[in-house]
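All of these numbers come straight from a predicted model, not from anything done at the bench. Residue numbers run from 1 in the order of the sequence given.
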Amino acid sequence: MVLETMPHEQVHDYQSRNRAKLPLWVLEGHATWAGLRITTLLDPQIGQSKREETLSRVDLTAMPAKLADWGDRRIKREAMLRQVSPEDRAKMEADPAYIPNVPFRFTLDDFESDESRTLERYAASLLIFEGLEERHGADRVRRWMAEITATTGNVSKDMLAASIMKHFGEELAELLKD
């Protein structure tokens, strides 16, 4: 645990210093990439074994990892439907984009998230970080993460895309392409 788990979790602690809200693939990809580097420094055999174990889970040819959707929480449609009038419900059924202007109230049970293929998503996000390192060097990856995690609050997809373009000259959509 000290060699395999703690370095990963310490990276999460570092990421949270300014409460930046980043996509889950960035948080977990960075923590896995940096954590494995620390583990490998402490014990190269354990580091290599952990990396191989992580990547052995990935079979992105069978089904896309859909990293951009990982961790997104959505309101369950039925949670909205139970709070609207019959007229608004009929409009919502006729037009899925229609959302009535009513004061909704939701509990945690009213949200859903796609947590399928979590192990594959860890591996796919690690591959993104390793690819950036291979193409641009570890120092540039570290500088990028230092800058992006220094952000306070929500890091939108557009902000993330601009940051990736600035640091690496690459398109976010290409990195996430399944």
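- The side-chain heavy atoms of Glu171 and Lys177, taken from C-beta on, include no pair separated by under 4.5 Å.
- Linking Ile, Leu, Val, Met, Phe, Trp and Tyr residues whenever their side-chain heavy atoms come within less than 4.5 Å places Phe106 and Val84 in a single cluster.
- Between the CD atom of Glu4 and the NE2 atom of His8 there is a distance of 12.0 Å, given to the nearest 0.5 Å.
- When atom types are taken as modelled, the side chain of Arg135 and the backbone of Gly131 share a donor-acceptor pair closer than 3.5 angstrom.
- Between Pro96 and Ala94, the closest heavy-atom pair is CD-O, 3.9 Å.
- Between Leu41 and Arg37, the closest side-chain pair of non-hydrogen atoms is not below 4.5 Å.
- With hydrogens and angles ignored, the 3.5 Å screen pairs a side-chain donor or acceptor of Thr39 with a backbone N or O of Leu3.
- If you chain together hydrophobic residues whose side chains sit under 4.5 Å apart, Tyr122 and Met6 never meet in one group.
- Ile38 and Leu55 are not part of a single hydrophobic cluster, where members link through side-chain heavy atoms under 4.5 Å apart.
- Separation of atoms OG1 (Thr54) and CD (Glu120) is listed at 11.5 Å; rounding is to 0.5 Å.
- You'll find the side chain of Pro100 reaches within 4.5 Å of the side chain of Met92, heavy atoms only.
- Rounded to the nearest 0.5 Å, atoms CZ (Arg89) and CE (Met80) are 12.0 Å apart.
- Between the side chains of Trp33 and Glu133, at least one donor-acceptor pair of N or O atoms lies under 3.5 Å.
- By the 4.5 Å heavy-atom criterion applied to side chains, Ser16 and Tyr14 are not counted as neighbours.
- With Thr40 contributing its side chain and Leu36 its backbone, the two residues share a donor-acceptor pair below 3.5 Å.
- No path of Ile, Leu, Val, Met, Phe, Trp and Tyr side chains, each step under 4.5 Å between heavy atoms, connects Val11 with Leu42, placing them in separate hydrophobic clusters.
- Nearest heavy atom pair, residue Gly35 against residue Pro7, reads O-CB, 3.6 Å.
- Shown here is Lys76, whose NZ atom has more than 12 heavy atoms of other residues, nucleotides or ligands within 6.0 Å.
- You'll find the side chain of Glu9 stays beyond 4.5 Å of the side chain of Asp13, heavy atoms only.
- Salt bridge absent: Arg77 and Asp110 never bring a charged side-chain N and a carboxylate O closer than 4.0 Å.
- Around CZ of Arg17, the count of heavy atoms belonging to other residues, nucleotides or ligands within 6.0 Å exceeds 12.
- If you take CG on Asp158 and OG on Ser163, they are separated by 12.5 Å, rounding to the nearest 0.5 Å.
- Across all their heavy atoms, Met145 and Thr149 have their closest contact at O-OG1, 2.6 Å.
- A 6.0 Å sphere centred on CZ of Arg19 holds no more than 12 heavy atoms belonging to other residues, nucleotides or ligands.
- Side-chain contact between Leu176 and Trp25 is present, with at least one heavy-atom pair separated by less than 4.5 Å.
- For the pair His136 and Val141, the minimum side-chain heavy-atom distance is 4.5 Å or more.
- The ring of Trp144 has its center closer than 6.0 angstrom to the ring center of Phe129.
- Separating the CG atom in Leu67 from the CG atom in Leu24 is a distance of 9.0 Å, to the nearest 0.5 Å.
- When the side chains of ILVMFWY residues are joined at heavy-atom separations under 4.5 Å, either directly or via intervening members, Ile128 and Met159 end up in a single hydrophobic cluster.
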Would you check, one step at a time, whether the test side chain to side chain contact (heavy atoms under 4.5 Å, CB included) holds for Arg121 with Glu28?
-> CA-CA 9 Å; Arg121 287 173 165 170; Glu28 294 303 344; over 6 Å; no
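- By the 4.5 Å heavy-atom criterion applied to side chains, Glu170 and Leu132 are counted as neighbours.
- A distance of 6.0 Å separates CG of Leu175 from CG of Leu172, quoted to the nearest 0.5 Å.
- Side-chain atoms of His12 and Gln15 include a donor-acceptor pair closer than 3.5 Å.
- Ser56 contributes a side-chain N or O that, together with a main-chain N or O of Glu53, makes up a donor-acceptor pair within less than 3.5 Å.
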